[in-house]
Amino acid sequence: MIVIKAQDLTFTYSGSKKPAIENLNLEVKEGEFIVITGPSGCGKTTFARCLNALIPSFYRGEMKGFILVLGMDISKSTTSQLSKYVGFVFQNPENQLFSLSVERDVAFGPENLGLPREEVRRRVEWAMKVTGITHLRHAAPYELSGGQQQRVAIASILAMKPKIIVLDEPTSFLDPLSAHQIIETVSNLRSEMEITIILIEHRLDLASRYADRVIIMDRGRIILEGPPSKVYGEDAEAIGVGIPKISLLFNLLKREGYDLGCTPVTLEEATQAIRRRIMDDRS
Amino acid sequence: MIEVKGLYFSYDGNEVLHNINITIHDGEFIAIMGENGAGKTTLIKHFNGLLKPSKGEVLIDGVSTREATVASLSRKVGLVFQNPDHQLFSETVFQEVAFSMRNYGYPEETIRRRVNFILETLDLRSYAETSPFMLSGGERKRVALASILVSDPKHIVLDEPTIGQDHQQKEKLKNFIVQMNTQGRTVIIVTHDVEFVVECRPKVILLSKGSILAEGSYDEILSDEDLVRRASLVPPQIGLLMSSLRDLGFNPATLDVYQAKSAIEKRLLSNVSKTL
């Protein structure tokens, strides 16, 4: 099932001459894990804002083409309609948390949907469990570490049982170990439920191993897209995208005439490819 | 010179820094690394006197921060915060960046030249008349940086400078930081970004739970997998790769991608010459 379909989507913010996104064509299947990356100002956040109709109903401007999110045309939908199905997690969890306890924060969304008490309770328990914060239920969000806060933000989105989760640089403020755990938690959600994940990220080393597809944007357009191993082998470097160092290593070797037959995304792939080549040469 | 001697710091009865001893010489390049909540930001706030030690002392060029005002210290030590919104307040980027120099009473012409130079360097020239609050997070971060660097402090302290910066901006930032350091300024960065540290090659101070866990050259520290994980960091990818190929004679302290490339190339060449 296609959950997002953009066709010739162009959006220009009012007061701006240049479109922020231009002739964007994209289809996303249910359950896909997609990483969107590209230089600042490439249009990735603008695209994300279309997914819950913040564009065009909150950010004004001129839209051409169309985008359907779960079959709904965003130009005819409101953010409150879409927010039942599309959850957002931002860079700074502090901006998203406001209750006095973790449990209350996670319950806020489903309560707002007008769900029965029992259902709210079930969802809150489940969301806290899959994000690993059950033991923090009575803590105040502001007492928690950045990594824990980001888990609370994700749990409160999950409790709405969205079809799509959009994460806009969710790990920027976290130490690498917490960042790694957050990405892993998000990735595990796919086996828990058929959720579609759109992750906007500069740091490709953490997310690449989980991604089905990487989309590289530049100046409002999609420049490259495909499985990470394919995208990192092509012109991603030339556009100025910071591909993972192990992928870069293999590209550099290839340029010197040592084609090791792949562009690795994981450490295991890289180790095996080098090992194989050294052993082959020996025999 | 920045000297930290037996520094303890507590607030609300919690001791967050325990017996920190560091000497940073003029012109050194230091990265302070460690997990969220390790005390990194608390430590650097002592460098310009924003915080005063509960016990012990911090000396900036021989003067104790207890005996100096933040205003006089901040002419020597420029501190750029992690969150730019904690320091931006002017109506335009130009005014924001010009603020400290106006405060120090420089002539307007000097200010204009200096501000334009720094805006140019940090890719902000086209935003001179824009409100800082209209800019993206990454751009606001560079405005905050510009507003400190404009008055050319001798010691520069940057809290998480790479957050929110894309790859190209990070490259520029790296070149700029390294250039400031080679011009003789002391540069201290607080960062989680192990790959950035590998490219900048500073000396690393690893902080964990308010104490110094280790101190040494970047390759010495970051190739020690156990140590790195204890500080909630993830070792550099290339280091992990080299480490898992250790049995083939690769050096786990090779962290740089270009060095790794040369090592693998050399290895493949020697294989070929053996078979010939």
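Throughout, a chain's letter reflects where its sequence line sits, starting with A, and its residues are numbered from 1.
Counting heavy-atom neighbours within 6.0 Å of B:F89 CZ, excluding the residue itself, gives a total above 12. The neighbour count for B:Y127 OH, taken as heavy atoms of other residues, nucleotides or ligands under 6.0 Å away, does not exceed 12. Within a 6.0 Å sphere centred on CZ of A:R137, other residues, nucleotides and ligands contribute more than 12 heavy atoms. Other residues, nucleotides and ligands contribute at most 12 non-hydrogen atoms within 6.0 Å of the CD atom of B:E91. Taking a 6.0 Å sphere around CZ of B:F133, one finds it holds more than 12 heavy atoms contributed by other residues, nucleotides or ligands. By the neighbour-count criterion of 12 heavy atoms within 6.0 Å, atom NZ of B:K174 is densely surrounded, having more than that number from other residues, nucleotides or ligands.
When all heavy atoms of A:A270 and B:L241 are compared, the pair lying nearest together is CB-CD1, 3.7 Å. The nearest pair of heavy atoms linking A:P39 to B:Q168 is CB-OE1, 3.6 Å. Shown here for B:L233 and A:P176, the closest heavy-atom pair between the two residues is CD2-CD, 3.7 Å. Heavy atoms only, all atoms of each residue included: B:Q165 and A:H202 are closest at O-CD2, 3.9 Å.
Proximity to chain A (any heavy atom under 4.5 Å) is shown, for B:D193, by neither the backbone nor the side chain. For a residue to count as touching a neighbouring chain, one of its non-hydrogen atoms must lie under 4.5 Å from one of that chain's; by this rule A:I246 touches chain B with backbone and side chain alike.
Side chain to side chain, B:N36 and A:S145 fail the donor-acceptor criterion of an N or O pair below 3.5 Å.
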inquiry  = Run A:R275 and B:D247 through salt bridge (charged side-chain N to carboxylate O under 4.0 Å, His left out) and show every step you take.
reply    = CA-CA 10 Å; A:R275 218 171 257 289; B:D247 59 306; 2.9 Å; yes
task = Please report the C-alpha distance between B:R230 and A:L177 in whole Å, then the side-chain angles of each, then the deciding distance to 0.1 Å, and finally whether the side chain to side chain contact (heavy atoms under 4.5 Å, CB included) criterion is met.
result = CA-CA 10 Å; B:R230 268 163 66 200; A:L177 211 57; over 6 Å; no
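Remark: A:I274 CD1 to B:M242 CE distance equals 5.5 Å, nearest 0.5 Å. To the nearest 0.5 Å, atoms NZ (B:K261) and CZ (A:R255) are separated by 9.0 Å. Of the inter-residue distances, the one linking B:I163 atom CD1 with A:S172 atom OG reads 6.5 Å to the nearest 0.5 angstrom.
Shown are B:Q237, B:E195, B:E199; of these, the side-chain hydrogen bond (donor to acceptor under 3.5 Å, both in side chains) with A:K245 is made only by B:E199.
Most heavy-atom pairs under 4.5 Å with chain A, from the set B:T162, B:V194, B:V234: that is B:V234. Listed options A:Q91, A:E256, A:H180, A:R203 were ranked by heavy-atom pairs under 4.5 angstrom with chain B; first place goes to A:E256. Considering only heavy-atom pairs separated by less than 4.5 Å from chain A, the leading option among B:M33, B:Q82, B:Q169, B:E171 is B:Q82. Among A:L204, A:L248, A:L206, A:L174, the residue with the largest count of heavy-atom pairs under 4.5 Å with chain B is A:L174.
Two residues are said to be in side-chain contact when any heavy atoms from C-beta on lie closer than 4.5 Å; A:L249 and B:I264 meet this criterion. Counting heavy atoms from C-beta outward, B:H167 and A:V241 have side chains that stay 4.5 Å or more apart.
Between B:K40 and A:D175 no salt bridge is recorded (no basic side-chain N to carboxylate O distance below 4.0 Å).
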